[in-house]
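Hydrogens, waters and symmetry mates are skipped; everything else that's a heavy atom, side chains included, is used. Index from 1, following the sequence.
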Amino acid sequence: RCARPTAPTLPALHETVRKLSACARAPRSEQEAESRDSTVHSGHILMRMPTLLLFSFWPLASAAMIPPRTLNVCRQSRTTMAASPGCKLDVPGRRSLLAAALVAASSAGLKAPSAQAKEEPWGPLATLSVDEVDALDMASRNPEAGFLLPSGVRVIDMVVGSGPMPAAGTRVYCHYKVWGKGFRSGAVSDFTFADGRPYDWILGEPTDRIPRGADEGTSGMREGGWRRLVVPAAYGDRGLLRINRGPFGARYTGAKASFSIKPNETAYFDLIMVDGGSGRCDKLLRPPGVDSEEAAKLSSMMCVS
């Protein structure tokens, strides 16, 4: 009754669709009905989950929550397509295809943030309690905290690192957050933690993400240190447009994006120096023999091997 026609003609395809639909509507056993209803219910939940949450937990979703859709159709093998009563055909639905796409992306090196291997705690925050962090945060908000550079950049050392102090021309790796209204005040305007790796640049050579004042304020910092900077007119006349995140954390700015930090407005930077010359991040994120395009896909939050 449910055998597939072998002739690849349009009428035959129409007939196949009709027969598959009829089989799908056919009475099922109580156990099959319960299994199918559970699958559909899980699918409805997944389709309503935010994209980031789905990407964050894709190994669990692909392994346990995204079963293939099974229809009661008749066949014996994928090659002969001969009729056989009681056989089943696994037809991948949208959920299965999504899981397969995520697995393929992962194998290509485009990992979701939580797909990375768990790293051991490291850095200036690893040994601080929540109360200690809050106390340091409050102290940094004092207008007289830290010291001023001749350029007007205020430097506040929260925790002094014990690692190397990079000289100008050294490639450094830092995690950072930026606010436009004050430290931990309002929405974060830019940050590195969704990148799955610290941001790297050559100290003394500002970039679009680390403007001149922030680069200048990083000088004198040691690896393993935590520093805050108050940078007047941080992004100059261009300001900082609102940054969006696409799949796998890709950054982009919309055509009609509003300002996250207005032109010539003060910006508040929070930096943790992960690699200031020890090579810990270079070893993992810029390994020898790997070109820059492939190296950009590598990830390690704190460069702990």
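Within the 3.5 Å criterion, the main-chain N or O of E144 finds a donor-acceptor partner in the side chain of N142. Side-chain N or O atoms of R154 include one that pairs as donor or acceptor with a backbone N or O of P143 at under 3.5 Å. Panel note: side chain R227, backbone D157; no donor-acceptor pair is recorded below 3.5 Å. A donor-acceptor pair under 3.5 Å links the side-chain atoms of R197 to the main chain of L298, judged by distance alone. A donor-acceptor contact shorter than 3.5 Å links the side chain of E223 to the backbone of G276.
Under the 4.5 Å side-chain criterion, counting only non-hydrogen atoms from C-beta, P206 is not in contact with P211. Contact annotation: the side chain of V230 never approaches that of V153 to less than 4.5 Å [non-hydrogen atoms, C-beta and beyond]. By the 4.5 Å heavy-atom criterion applied to side chains, D200 and L285 are not counted as neighbours. Between V159 and L128 there is a side-chain heavy-atom pair separated by less than 4.5 Å. R212 places none of its side-chain heavy atoms less than 4.5 Å from the side chain of E205.
M302 and M221 fall into different hydrophobic clusters, where Ile, Leu, Val, Met, Phe, Trp and Tyr are joined by side-chain heavy atoms under 4.5 Å apart, directly or via other members. By the criterion of side-chain heavy atoms lying less than 4.5 angstrom apart, applied directly or through intervening Ile, Leu, Val, Met, Phe, Trp or Tyr residues, M158 is not grouped with L149; the two fall into different hydrophobic clusters. Cluster annotation: V133 is connected to W122 through the hydrophobic network of ILVMFWY side chains, with a link wherever side-chain heavy atoms come within less than 4.5 Å.
Shown here for P164 and G277, the closest heavy-atom pair between the two residues is CG-C, 4.3 Å. In plain terms, the two heavy atoms of K283 and P287 that are nearest each other are O-CB, 3.7 Å. Taking every heavy atom of both residues into account, P124 and G224 meet most closely at CD-O, 3.3 Å. Here the shortest heavy-atom pairing between P198 and V274 reads CB-CG2, 4.1 Å. Residues L229 and G217 share a closest heavy-atom pair of CD2-O, 3.6 Å. Scanning all heavy atoms of the two residues, the minimum distance from A267 to Y235 falls at CB-CE1, 4.1 Å.
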Could you check T170 against M165 for side-chain contact (heavy atoms from CB on, under 4.5 Å), going step by step and ending with a plain yes or no? CA-CA 10 Å; T170 303; M165 180 187 294; over 6 Å; no
Let me see the working for R242 and T253 under side-chain contact (heavy atoms from CB on, under 4.5 Å), right down to the final yes or no. CA-CA 6 Å; R242 191 171 303 281; T253 300; over 6 Å; no
Could you go step by step and tell me if D215 and W201 meet the side-chain contact (heavy atoms from CB on, under 4.5 Å) rule? CA-CA 9 Å; D215 173 74; W201 79 99; 2.8 Å; yes
Please lay out, stage by stage, how I210 and Y199 fare under the test side-chain contact (heavy atoms from CB on, under 4.5 Å). CA-CA 9 Å; I210 299 292; Y199 181 69; 3.6 Å; yes
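Considering CD1 of I243 and OG of S260, their distance stands at 7.0 Å, rounded to 0.5 Å. Rounding to the nearest 0.5 Å gives a distance of 15.0 Å between NZ of K262 and CG of D237. Taken to the nearest 0.5 Å, the CG atom of L241 stands 14.5 Å off from the NZ atom of K256. Rounding to the nearest 0.5 Å gives a distance of 11.0 Å between CE of M301 and SG of C281. With rounding to the nearest 0.5 angstrom, the CD1 atom of I272 is 7.0 Å from the CH2 atom of W226. Interatomic distance, OG1 of T218 versus CG of L271, reported as 5.0 Å (0.5 Å rounding).
Among residues at least two apart or in separate chains, ring-ring contact (aromatic ring centres under 6.0 Å, His included) pairs with a member in residues 152-180 are H175-F193. The list of ring-ring contact (aromatic ring centres under 6.0 Å, His included) pairs with a residue in residues 125-148, not counting sequence neighbours, is empty. Residue pairs meeting the ring-ring contact (aromatic ring centres under 6.0 Å, His included) criterion with at least one partner in residues 265-287, sequence neighbours excluded, are F183-Y268.
In this view, S140 and R228 satisfy the side chain to side chain donor-acceptor pair (under 3.5 Å) rule, not counting sequence neighbours. Residues passing the side-chain contact (heavy atoms from CB on, under 4.5 Å) test with S129, sequence neighbours excluded: D131, E132. For R238, there are no salt bridge (charged side-chain N to carboxylate O under 4.0 Å, His left out) partners two or more places apart in sequence or in a different chain.
Under 4.0 Å is where a charged nitrogen must lie from a carboxylate oxygen, and between D270 and K177 no such pair does. Between D275 and R286 there is no salt bridge, since none of the side-chain N atoms of the basic residue sits less than 4.0 Å from a carboxylate O of the acidic one. The pair R251-D190 counts as a salt bridge, with a side-chain nitrogen and a carboxylate oxygen less than 4.0 angstrom apart. Taking a cutoff of 4.0 Å between a charged side-chain nitrogen and a carboxylate oxygen, R245 and D195 qualify as a salt bridge.
In this structure, D291 places its CG atom where more than 12 heavy-atom neighbours from other residues, nucleotides or ligands lie under 6.0 Å away. Heavy-atom contacts from other residues, nucleotides or ligands closer than 6.0 Å to CZ of R209 number more than 12.
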